[in-house]
Amino acid sequence: MSKEKEKDQTQGTSISRRSFLKGVGTGAVAASVAPSVLIDAETAAEAQMGEEITRAKIKLDINDKAYEVEVESRTTLLSVLRDGFDTSGNRVDLTGAKPICERGECGGCTVQVDGKAVYSCMTLALDAQGKQITTVEGLADGDQLHPVQEAFVQHDALMCGFCTPGFVVAAKSFLDQNPSPSHEEIKEGLAGNICRCGTYPFIFEAVKTASRKMGG
Ligand code: FES
Ligand code: FES
């Protein structure tokens, strides 16, 4: 089939790649993600299917430090944090965010972008330019742990610990927006994060304690 004919037929169905992805993306978000978690699934998926992969040097503000990195249009923020190098050849080396599902389902890769919890596996590095990115490594103040981190330690709110960085960032972000939540609100607020070890009761208690410590 000729390219022209192919194009005509695609247009004839009135389903563009963008509108198709929009439909799929909306369902996925509604099914699995807490409202506070921002996902740009449409953009990420589009880039993965991408026909035009370009490279660009961009600046990212991560934990109040400026990084210049070279990325492809499809590079995720998670990939830059864990495996990226700056343009001087130094590793970014922020491995707190975990690549567990890498499809926006588990929350292990949660970081804050402009104060909102996002899945870094579903956020394009290009889209994080000009925004303030905070990873779990950026929460402590020197040797002083953030109250959410302290509360997780106090309540022993982890087993294997793989989900913990994502939960800590999601909980911090949630408490920033809702400083004195009810038990039900905590459950709902953290619904975008999964713990395969089932430490939810300890995590919820830790969030309540952190809320009190933070004055909520
Ligand atoms: S690794 Fe990003 S949501 Fe699971
Ligand atoms: S502590 Fe193991 S997955 Fe949560």
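Note that ligands are numbered from 1 as they come in the structure, with each ligand's atoms numbered from 1 the same way. The basis for the numbers below is simple: all heavy atoms, side chains too, and nothing from hydrogens, waters or symmetry mates. In this text, all values refer to a predicted model and were calculated from it rather than measured experimentally.
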Open item on the list: Regarding Glu205 and Gln154, do their side chains bring together a donor and an acceptor under 3.5 Å, going by distance alone?
Closed with: no

Open item on the list: Just to be sure I read this right, does ligand 1 sit under 4.0 Å from the backbone of Met122, its side chain, both, or neither, counting only heavy atoms?
Closed with: neither

Open item on the list: Would you compute the distance between atom CZ of Arg82 and atom SG of Cys121 and round it to the nearest 0.5 angstrom?
Closed with: 12.0 Å

Task: atom 3 (S) of ligand 2: nearest protein contact (heavy atom, Å) - done: Arg196 N, 3.3 Å

Open item on the list: A side-chain contact here means heavy atoms from C-beta on lying under 4.5 Å apart; do Ile62 and Lys65 qualify?
Closed with: no

Open item on the list: If the cut-off is 2.8 Å, does any N/O/S atom of Cys163 fall short of it from atom 2 (Fe) of ligand 2?
Closed with: no

- [ ] Please round to the nearest 0.5 Å and tell me the distance separating atom NZ of Lys172 and atom OG1 of Thr134.
- [x] 6.5 Å

TODO: Give a yes-or-no answer on whether the side chains of Glu137 and Thr135 include a donor-acceptor pair shorter than 3.5 Å.
DONE: yes

TODO: Do me a favour and list the nearest non-hydrogen protein atom to atom 1 (S) of ligand 1 with residue, atom name and distance?
DONE: Glu102 N, 3.1 Å

Task: Value rounded to 0.5 Å, distance of CD in Gln129 from CD1 in Ile133 - done: 9.5 Å

Task: Cys195 near atom 2 (Fe) of ligand 2 via N/O/S, less than 2.8 Å - done: no

Open item on the list: Suppose we only count N/O/S atoms under 2.8 Å; would Cys109 qualify as near atom 4 (Fe) of ligand 1?
Closed with: no

Task: N, O or S from Cys101 under 2.8 Å to atom 4 (Fe) of ligand 1 - done: yes

